[in-house]
Protein chains: 2
Amino acid sequence: MRIGLDMMGGDFAPLEAVKGVKLFLETVANEAHLVLIGDEAALTPLLSDAQLDQSKYSVVHSSQVIGMNEHPTKALKEKQESSISIGFHLLKSGKVDAFISAGNTGAMMVGALYSIKAMEGVQRPTISTPVPREDGSYGLLLDVGINADCKPENLLQFAILGSLYSKHILGVDNPTVGLLNIGEEEGKGNLLAQATYPLLKENPLLNFIGNVEGRDILTNKADVIVCEGFTGNIVLKMAESFHTIAARRGIQDDYMQKFDFESYGGTPVLGVSQPVIIGHGISQAVAFKNMISLAQQMLTTKLLDKMRESFVK
Amino acid sequence: MRIGLDMMGGDFAPLEAVKGVKLFLETVANEAHLVLIGDEAALTPLLSDAQLDQSKYSVVHSSQVIGMNEHPTKALKEKQESSISIGFHLLKSGKVDAFISAGNTGAMMVGALYSIKAMEGVQRPTISTPVPREDGSYGLLLDVGINADCKPENLLQFAILGSLYSKHILGVDNPTVGLLNIGEEEGKGNLLAQATYPLLKENPLLNFIGNVEGRDILTNKADVIVCEGFTGNIVLKMAESFHTIAARRGIQDDYMQKFDFESYGGTPVLGVSQPVIIGHGISQAVAFKNMISLAQQMLTTKLLDKMRESFVK
């Protein structure tokens, strides 16, 4: 298995990306060969200093970088030699099995949706966030922002994708699914929630437990919580702001610490035909290490094959 | 000015309602005459024990109570002698100028919307929540649950109602208005947000500052934040859950304490033709005191006249 990593993406690249690679190789049981995409002149001394096992990685040179504020579609088209363009090219041609970048988020989304495309049967790929819970386990909330307007069928598909992710990546056996809503009983909520409820209830692939409310998001009531990306994104960013506030107020609490999502990982795009993980711009070594681990886990568990099976007509 | 108070509503009525009346009369500069609606046999000894100034209140007997779990419309229709039915009757006939209850929320909403009705020009009355901020001031978020599906025009009206509430009740001079959204720039967001943005931007009654994101809700970025009631309700309940978690984890923090919305007040229904305040079932003395104060403030500031003027064609 070969995992492609954009070494030039993110605010602290390439140094933190190199540190992340080192951390991964030294602390995670690894079976992957890493394909490090970036400017050779910048990478060579850093990789040399890091004293990595050279059999574990190879470098693919890229001469361009897509900046954080560039227009995604335009940049992807015009910068064919950028690390992100090359990453998707390698992924599409089968030379890597997964691709990770903490670079321009829009370009990563465009690449995921239009270069490698959605799985057959998936109407709208989605992004999720892990939801830390007090017992140390993680729930999953999706969509958290790429699908601002949804149809009931989209939410049903998010539930299926999320359940498989919860099971195979988060290790939850028979994950429960809840519909984010503003009342407990069936029939409550906005038109979208009302129409989605029966679809979730009747689908044999799901362990649906009904509606969950705002107060239930951080509890163990449901392992997978589905909503459209508008509400999900606001919930995600508000949860992050609680962490910011707690930090500013000097509140020392292990649990509150966990809402600092950006510092410890990336976001896989679910429902596309190959593993793509998008990191936050502020990613440092730990986040890079975690993203490589996640890509490896997505490949070893054959998560995407399981997703594909669920969408076979 | 006469303020009607349902003495039988809420989990701790009538005792906590009586305590709230006492607290109000003893600690708030008051000009209102209180009309206490409830079972005389239950109230008389409690009021006597409380040693209140008898010139400050009168009692209107009610022989029935609408239970917390009764069907709102049915109960209002069948229990004409209930404290809530009598309260709306007094309000409609001008015998009280405001009505407060911590009883059946649905019955209060039905009474507000169908007994006294919306102001002329207001399409959809709304409910809001104060948003505590770290500097001690309060923002306002609306709608928080009665309008799960909205049109752009509804959000525009919420912004106008919320701005007047922020100015006259929360004491914010020229309150800024933000549109809750999932991106900063105009054009971002779901279809509703995209269509609402220009309406807010062009309205001369509003001090619109653009989009605000989930991470901005608890900041001073906007004094009034508008959204449909689905997202607003989820945000509200999630914020409450942070308080619950902080309390459970023994986090001692004045600011976190303020997310315990239910314990310290009620929710005015904005956009109806007379002041109606709905309390939470768990309301105790302080919450009742605060709701009476709020009703008095809504009357002394002539808030509803100012709202009416804004909706004159």
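Chain A is the first sequence line, chain B the second, and so forth, proteins listed ahead of strands; every chain is numbered from 1.
- Ranked by heavy-atom pairs shorter than 4.5 Å toward chain B, the options A:Cys227, A:Ala246, A:Gly214 are led by A:Gly214.
- Under a cut-off of 6.0 angstrom, the local environment of NZ in B:Lys221 is crowded, with over 12 non-hydrogen atoms contributed by other residues, nucleotides or ligands.
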Requested in this report: Could you check A:Glu134 against B:Ile245 for side-chain contact (heavy atoms from CB on, under 4.5 Å), going step by step and ending with a plain yes or no?
Outcome: CA-CA 9 Å; A:Glu134 280 186 271; B:Ile245 290 167; 4.0 Å; yes
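- Heavy-atom proximity under 4.5 angstrom to chain B picks out A:Glu228, A:Gly229, A:Phe230, A:Thr231, A:Asn233, A:Ile234, A:Val235, A:Lys237, A:Met238, A:Ala239, A:Ser241 from residues 228-241 of chain A.
- Contacts between residues 176-195 of chain A and chain B, counted as heavy-atom pairs separated by less than 4.5 Å, involve A:Leu180, A:Asn181, A:Ile182, A:Gly189, A:Asn190, A:Leu191, A:Ala193.
- Counting heavy atoms of neighbouring residues, nucleotides and ligands inside a 6.0 Å radius, atom CG of B:Asp135 exceeds 12 of them.
- Between chain A and the residues B:Leu218, B:Thr244, B:Thr219, B:Asp216, the largest count of heavy-atom pairs under 4.5 Å involves B:Leu218.
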Query raised in the report: Would A:Met256 and B:Ile251 satisfy side-chain contact (heavy atoms from CB on, under 4.5 Å), going step by step from the backbone distance to the final call?
Result: CA-CA 10 Å; A:Met256 290 281 173; B:Ile251 294 172; 4.0 Å; yes
